[in-house]
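Just so it is clear, the structure is predicted and the values come from calculations on it, not from any experiment. In the text below, chain A, chain B and the rest are named by the order of the sequence lines, each starting its count at 1.
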Protein chains: 2
Amino acid sequence: MITNMKHIKNELEQKGIKPTYQRLCVMEYLHEHLVHPTVEMIYDELVDRVPTMSKTTVYNTLKLLSGKGVVNEITITGTEVRYDINCQSHHHFLCKKCGKIYDVDVTCPFVNMDHKEVSGHEIQEIHGYFKGVCKGCLTS
Amino acid sequence: MITNMKHIKNELEQKGIKPTYQRLCVMEYLHEHLVHPTVEMIYDELVDRVPTMSKTTVYNTLKLLSGKGVVNEITITGTEVRYDINCQSHHHFLCKKCGKIYDVDVTCPFVNMDHKEVSGHEIQEIHGYFKGVCKGCLTS
DNA sequence: TATTAAATCTGTAATGATTACAAATATGAA
DNA sequence: TTCATATTTGTAATCATTACAGATTTAATA
Ligand SMILES: [Mn+2]
Ligand SMILES: [Mn+2]
Ligand SMILES: [Zn+2]
Ligand SMILES: [Zn+2]
């Protein structure tokens, strides 16, 4: 999958988001790092390439992007929010040993069918995840 | 469901947890408040009845209890941990308007069947939740 | 009962992620 | 250029949680 800056620029413009340099950088980072990174991880790499980058800008940008539905916030560790450029509803696996978060492909009826309510509550998002020990940590 | 102190005392002793007064209070609170409360909520009520109660003790107790599998930590808001005395795997609904967390009864294959792995990762816990607008907030 | 070591509880300080805020900078129209 | 607006930046504040050390309780032993 090729995701150059021009692609990302179009993506933002179509969603009504002004494609500033900082926003393009964050988007590019997310496209290239599909490991559900933290703000810290994003900032640490971007500030190397763009020394003026502020951590507050990373926070602001991610809040904007998630509000517009361009990125997803993943809150399964309880200690920090992690970010996902993949906005299609999918499930995750959190390793209790190494802390990595993986995408997993499980077929849950609620993810595939478009349910609109449960127990009278209006559903807008569906989240599912597993916790345990990841493949890598099992074999080492 | 009647859950008096004697019941709770037995429950803790069976799990090898010394049933101190503070621990019994936390357990009793959780049994009587099935709304997935925060540490703050638990502490605020307990300190009224037990003026010497420390918030640190609430934290310590909940960490002990969740480590022993007596209570469940729910990390779906991203801002604070919420606690559940119901340790059977079940799903939740978080209302984006009022912040309440409800239990929901959905039949997901992964909750009922006992899968041990997914994509090579060893599964220890299964979590699922929805976000949206709750029944109460819809009709008001 | 008195002694005493271990466990538990408590209050305060520290940590770490996130947000608030105001000044600096960039953008873009007139 | 001028000026208003949007964006970015750095710092301070907030808030949940954890670390830690002293106080208290527990329970075993003499
Ligand atoms: Mn993902
Ligand atoms: Mn529950
Ligand atoms: Zn792992
Ligand atoms: Zn609600």
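- A pairwise comparison of heavy atoms in B:Leu24 and B:Pro19 identifies CD1-O, 3.8 Å as the closest pair.
- In this structure, CE of A:Met41 is placed 15 Å from C1' of C:dA17, rounded to the nearest angstrom.
- Salt-bridge check for B:Lys15 with B:Glu11: failed, with every basic side-chain N at 4.0 Å or more from each acidic carboxylate O.
- For the helix from C:dT1-D:dA30 to C:dA30-D:dT1, the end axes, each set by the C1' atoms of five terminal pairs, are bent relative to each other by 10° (nearest 10°).
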*asked:* Within the 4.0 Å limit for protein heavy atoms, which parts of nucleotides 4-20 of chain D are touched? Write it as a string from 5' to 3', B for base, S for sugar-phosphate only, - for none.
replied: --SSSBBB----SBBBB

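- A donor-acceptor pair under 3.5 Å is formed between the side chain of A:His90 and the backbone N or O of A:Gln88.
- Within a 6.0 Å radius of NZ in B:Lys100, other residues, nucleotides and ligands contribute 12 heavy atoms or fewer.
- With respect to A:Lys135 and B:Glu122, no salt bridge is recorded, no charged nitrogen being found less than 4.0 Å from a carboxylate O.
- A donor-acceptor distance shorter than 3.5 angstrom exists from the side chain of B:Arg23 to the backbone of B:Lys18, with no hydrogens or angles considered.
- Ring pair A:Tyr102/B:His121 is tilted by interplanar angle, where 30° to 60° counts as tilted.
- Across all non-hydrogen atoms, the minimal contact from B:Asn86 to B:Asn72 is O-ND2, 3.9 Å.
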